[in-house]
Number of protein chains: 2
Amino acid sequence: MSSAKQGGPVQPSVSVWRPLGADEITATGGIWAEKQQLNADTILRHCESWMERIGWAGNFDRAAAGTIDGAHAGIEFVDSEVYKLLEAMAWELGRAYSADLDRRFHALTARVAAAQEADGYLNTSFGRPGQPPRYSSLESGHELYCFGHLLQAAVARLRTGHDDQLPQAARRLADHVYDQFGPAGLVAVCGHPEIEMALAELARATGERRYLELARLFVERRGKGTLGPHPFGQEYFQDDIPVREATTLRGHAVRALYLACGALDVATETGDDGLAAAVRRQWAHGASRRTYITGGVGSHHQDEAYGDDFELPADRAYAETCAGIASVMLSWRLLLATGEDKYADLIERTLLNNVLASPRADGRAFYYTNPLHQRTPGLVPDEDQLVHRAESGLRAPWFEVSCCPTNVARTLASVSLYFATASDDGIQLHQYGDYRLTTELAAGVVSLQVGGGYPAGGPVSVTVIDAPDRDLTLRLRVPAWARGRAALSEAPTARTTRHVEIRRVFRAGDTVTIAFPDEARATYPDRRIDAARGTFAVERGPLVLALESPDLPSAWSVNDISADPRSIAADDGGTAIDVYRHEPSEEEWPYYAEPGGSAGERVRARLIPYHQWANRGPSTMRAWLPLAAGNG
Amino acid sequence: MSSAKQGGPVQPSVSVWRPLGADEITATGGIWAEKQQLNADTILRHCESWMERIGWAGNFDRAAAGTIDGAHAGIEFVDSEVYKLLEAMAWELGRAYSADLDRRFHALTARVAAAQEADGYLNTSFGRPGQPPRYSSLESGHELYCFGHLLQAAVARLRTGHDDQLPQAARRLADHVYDQFGPAGLVAVCGHPEIEMALAELARATGERRYLELARLFVERRGKGTLGPHPFGQEYFQDDIPVREATTLRGHAVRALYLACGALDVATETGDDGLAAAVRRQWAHGASRRTYITGGVGSHHQDEAYGDDFELPADRAYAETCAGIASVMLSWRLLLATGEDKYADLIERTLLNNVLASPRADGRAFYYTNPLHQRTPGLVPDEDQLVHRAESGLRAPWFEVSCCPTNVARTLASVSLYFATASDDGIQLHQYGDYRLTTELAAGVVSLQVGGGYPAGGPVSVTVIDAPDRDLTLRLRVPAWARGRAALSEAPTARTTRHVEIRRVFRAGDTVTIAFPDEARATYPDRRIDAARGTFAVERGPLVLALESPDLPSAWSVNDISADPRSIAADDGGTAIDVYRHEPSEEEWPYYAEPGGSAGERVRARLIPYHQWANRGPSTMRAWLPLAAGNG
């Protein structure tokens, strides 16, 4: 293992494909450039402003000054929000340097570092006079979870070329954790996985193998009951079954996915094929039985957890933004490790339909949960008020547990790094959009401009800016939603239903285009998804569409309609469908001797991308449309 | 208002019909006598044994001894469990006196009374040295809630003819609460309604109008934001909207229903027609849009709360046993106040299909939540372990919040008091079963034996044991499920689709029979219940039936079947149906371009009453059956 000073959010020492760094790939237009600009201009400042205002950044100052006793702001693990913000800033500085952001980043880093104790420990909620002792609440105190986020921020800093104050603090902290929990330390794990992947990544970024060894210990210890009992059961924090024996993703969704990321990182770096196979098995089970059509995961509000197989209620979908991000993190690791397109498919679906649904169009409010059916219009949130995390309605500016906004920020700042990879003799395009890619292969520098405005429709174009005078392989994913239908501008040298390859000498100015079906389509749920029986969704390209109340007559409700999948058609650049209204019955008991209702009045209604919903004020919405009588 | 020394759980000073007391009506056979015997023999002792073992009863001893600081067992409001057990014992002593139970009742009462403080205050979690101050946590401390349950136990004692230690303690406690929260006291309410109906009932039972005035104040203060913010919103504890302005049951289901009970009691005793109308409106909205087919209520696990209209997931149904009991308490009050049969219909449905589902057949384990679909077999609980309240699976012996077992106990001990009422010149039979009724009307004593083994099937018989030589009216409810079909042994003098009346002179030995349709039937959900779309339930008489895995071939799962409603038929005394198995698809993504699946292999499967499920070991179950292709 060698220290890498460049690269993306995951940098395995062994992989089928090599990830690219922030200096190698840049979004140049379209939805991703727009969202990255929103992040740079608004979301980062929004997060900074809230953290100042409610004292989460100030916790570090009070800790450093010795005045934190009784003066800690927020729940125990708000340090992690500051670290995720630092990670977002670090990626953003790597993506598009700004002196102002650089100043803000260093100022915040200095406040964090000032709170680090002499032995490397760094947490504003534990261990100082008047606070609970260090490591006294591993089940719910989230100390190691917070550490992990600091380490990930430091990795982002290292991968964007800077080994300065934050990585130095991270090394001291990781050394401390190794002393406390390493081979000679406490046999324990954190209630919330996170530090596993953070340590593995810090090992990759620094070359320090002890951090990998510690990550391995945390993964191996899990599932052996070292954590105390939890009201929601040991499954909640994956302490029920050892990682390598588990067959599915279960319990708290973010915890489950972060743990799987760490386990795969450890498996990759230690050549542990059994552990890697266990993670692949868990992903496959989760994708095929426990994932919403948006890519969202988590069916229970109570414990923010996966449900049983095919338990996927639309209205009570938790589908936490952070869980979607964690799913992307896991799929990306598996894509690098295996080269299989199915992982890129789920990344695409999840980014566009779950993660992007979180930030409001103006970047000043966020969804924590992402249900697929909103029955009653939400209340307009007070833009100055913290809200509890779980209930949806309209997006809120900030939360008591505010993991999602900062997670969105770090993801947007680094999202282009998930678009493409390189190999010794070629480039693989996994996600489409408008971006520029420049990287050095064995044969020389390749530079490509990808365009076409995906996912807005129209063919994807790949224009060669620069390439060595040697055979290279351009590998293009055919998204699963295209079902093998892809029109290529030249004959591929290899083709499956999931990707095409063109191997030849590419010259500057060459353009390859690939077109996928552009028409909207009906999609039907597996028969075992009880909550979606008798319905269909409409998708167009990689986007799940939704019916939102502003697109219906004002007296109508999404709760009392059906729709006809045969009527789906393009409409003024968008998609429209025939929707039927049913007269609400006003019975005193809602169960009848005969099946109820036939279709009534009809309108033509526009469908919008699901991720855009709730940007027009309080509304109701549904992604699964009940089949009008006589269909399906 | 006059002091009543006899009567049932609710004794309004004004009502359409007069409730009967424990000395006037007795179950003599069938399911209710059997469950009451189970309660007497097993459930009461089970509750006593757990409360001793885990120190909940001992809290009173420690409080009395001054050693409770740091030694309180259980969560803050476990006093209420002891009180509900006392209430159950009091009703049971009224139903079927036993010297042994009488001794246990007095012993436990003495321990409670010993902990009462000089000023009447009585709570083992607050107010003593080392404990939080009295009334320092009205949002979640449940002090007044606990008081309410003590008052209700005292009312049960008074109504069964004993004005002894428990009622005396209750008066002192209620006087204390009047001083603290009355017209000259703190303008506040308890986070968990309960004391409102308890005070109103204690006023009825003692004639002390101050208690009614205090109940009225608590009802009127609610919905005006006197409680601090709650993470689940003010709706959670009904502090969002004043009772008389609210249009539906909302928030935490038990809280919502207990509050409605108290509000109706206050409205009845003060002649407040506006308040009474508000409660009727809330009941009607809840029954028609927020109630499961079992009568269960509460669609959210997270906050144990009502969902939106028609949000009624089968698998995540919370349908808490206590909420079902609270619903019966409210419907009973409305039945007495209005005389309308719809309230008796919901009582019948809820008792037989929600409340009765809670106790295991042996009375030693209970369901807290009552879902209508169990996807994976539950784990066999440790019979010696407390479990967290919310997750289902198999019934558990006891819970950290163990409200349901004691609520079941008090309900079973008094259940026969909901069966019938009297008026000046007649008797009204609201529930059927096997029971004896003897009461004095203006014209003289009437005694009836009701029989027929309902709900097992066969006609209901009403045999006159004794009656005055005067015209009387016998009023018999025609359950809503019978849809007006009722075959009577003689021509009624009045008839609607919901009841029949026979007015004549009845003589000892006369028998009237009434027969309802006996065949099982398909029932279809309202089109707006998304979670049950494309399914049907099977009901027989007042019972909701369910398909449980032991009645399917061992390789089958209830998650992958459909059924044909045309095939419902009697089978060896029970009910059977054609069930089709679908081959599970093993796709990597569970959303398809075409609607999936056609019916495969067929078996004939027995259906069981829903309330009997999970008495044969771990199993899966569903009440809503997916319609086989080509049906519905």
Side-chain angles (χ1 to χ4, degrees), chain A residues 231-233 284 287-289 291 293 299-302 307-311 313-316 342 345 373 375-376 388 390-391 400 480 483 521-531 533-537 559-560 562 582 584-597 624 626 632, chain B residues 231-233 284 287-289 291 293 299-302 307-311 313-316 342 345 373 375-376 388 390-391 400 480 483 521-531 533-537 559-560 562 582 584-597 624 626 632:
Chain A
F232 298 137
S288 63
R289 291 161 180 256
T291 303
I293 191 170
S299 304
H300 295 178
H301 279 234
Q302 184 185 37
D308 290 328
D309 289 353
F310 304 107
E311 183 188 343
D315 47 2
R316 290 295 281 175
K342 63 183 180 183
D345 279 321
H373 181 184
R375 293 176 185 279
T376 54
H388 187 66
E391 291 307 321
E400 290 168 12
R483 301 198 165 88
R521 61 194 186 275
T523 301
Y524 298 84
D526 190 284
R527 192 176 2 87
R528 290 166 290 182
I529 302 175
D530 290 282
R533 180 171 291 115
T535 71
F536 64 102
N559 301 319
D560 207 31
S562 62
H582 302 262
S585 56
E586 292 297 339
E587 300 287 336
E588 67 183 37
W589 182 242
Y591 306 100
Y592 314 117
E594 302 293 338
W624 290 112
Chain B
F232 298 136
S288 63
R289 291 161 180 254
T291 304
I293 191 171
S299 304
H300 295 178
H301 279 234
Q302 184 185 36
D308 289 328
D309 289 353
F310 304 108
E311 183 188 341
D315 47 2
R316 290 294 282 176
K342 64 183 180 183
D345 279 321
H373 181 185
R375 293 176 185 279
T376 54
H388 187 66
E391 291 308 320
E400 289 166 13
R483 301 197 164 87
R521 62 195 186 274
T523 301
Y524 298 84
D526 190 284
R527 191 175 4 85
R528 289 166 290 181
I529 303 176
D530 290 282
R533 180 172 290 115
T535 71
F536 64 101
N559 300 319
D560 207 32
S562 63
H582 301 262
S585 56
E586 292 298 338
E587 301 287 335
E588 67 182 38
W589 182 244
Y591 306 100
Y592 314 117
E594 302 292 338
W624 290 113

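Throughout, protein chains are lettered first and strands after them, A, B, ... in sequence-line order, and every chain is numbered starting at 1.
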Would you mind checking which part of A:A287 comes under 4.5 Å of any heavy atom in chain B, side chain (CB onward), backbone (N, CA, C, O), both or neither?
both
Largest heavy-atom contact set with chain B, pairs under 4.5 Å, which of A:Y591, A:W624, A:F536:
A:Y591
Of A:K342, A:R375, A:E594, the largest count of non-hydrogen pairs under 4.5 angstrom with chain B goes to A:R375
Is A:A522 close to chain B through its backbone or its side chain, or both, or neither, when contacts mean heavy atoms under 4.5 Å?
backbone
So, do A:D308 and B:D315 sit near enough that their side-chain heavy atoms are less than 4.5 Å apart?
no
So what's closer than 4.5 Å to chain B heavy atoms on A:D530: side chain, backbone, both or neither?
both
If the condition is salt bridge (charged side-chain N to carboxylate O under 4.0 Å, His left out), which residues does B:R521 pass it with, not counting sequence neighbours?
B:E539
Contact summary for B:S288 and A:E587, nearest pair of heavy atoms:
CB-O, 3.2 Å
A:S562 portion near chain B, given a 4.5 angstrom heavy-atom threshold:
neither
Let me confirm one number: the CZ-NE2 distance from A:R527 to B:H582, rounded to the nearest 0.5 Å.
5.0 Å
With B:Y592 via ring pair (Phe, Tyr, Trp, His ring centres under 6.0 Å) - residues at least two apart
none
Does any backbone or side-chain atom of B:E588 lie under 4.5 Å from a heavy atom of chain A? Answer side chain, backbone, both or neither.
both
Would you say B:F310 and B:D526 make side-chain contact, with heavy atoms under 4.5 Å?
yes
Proximal component of A:D309, with respect to chain B [non-hydrogen, under 4.5 Å]
backbone
Using heavy-atom distances under 4.5 Å, tell me whether A:E311 contacts chain B through its side chain, its backbone, both, or neither.
both
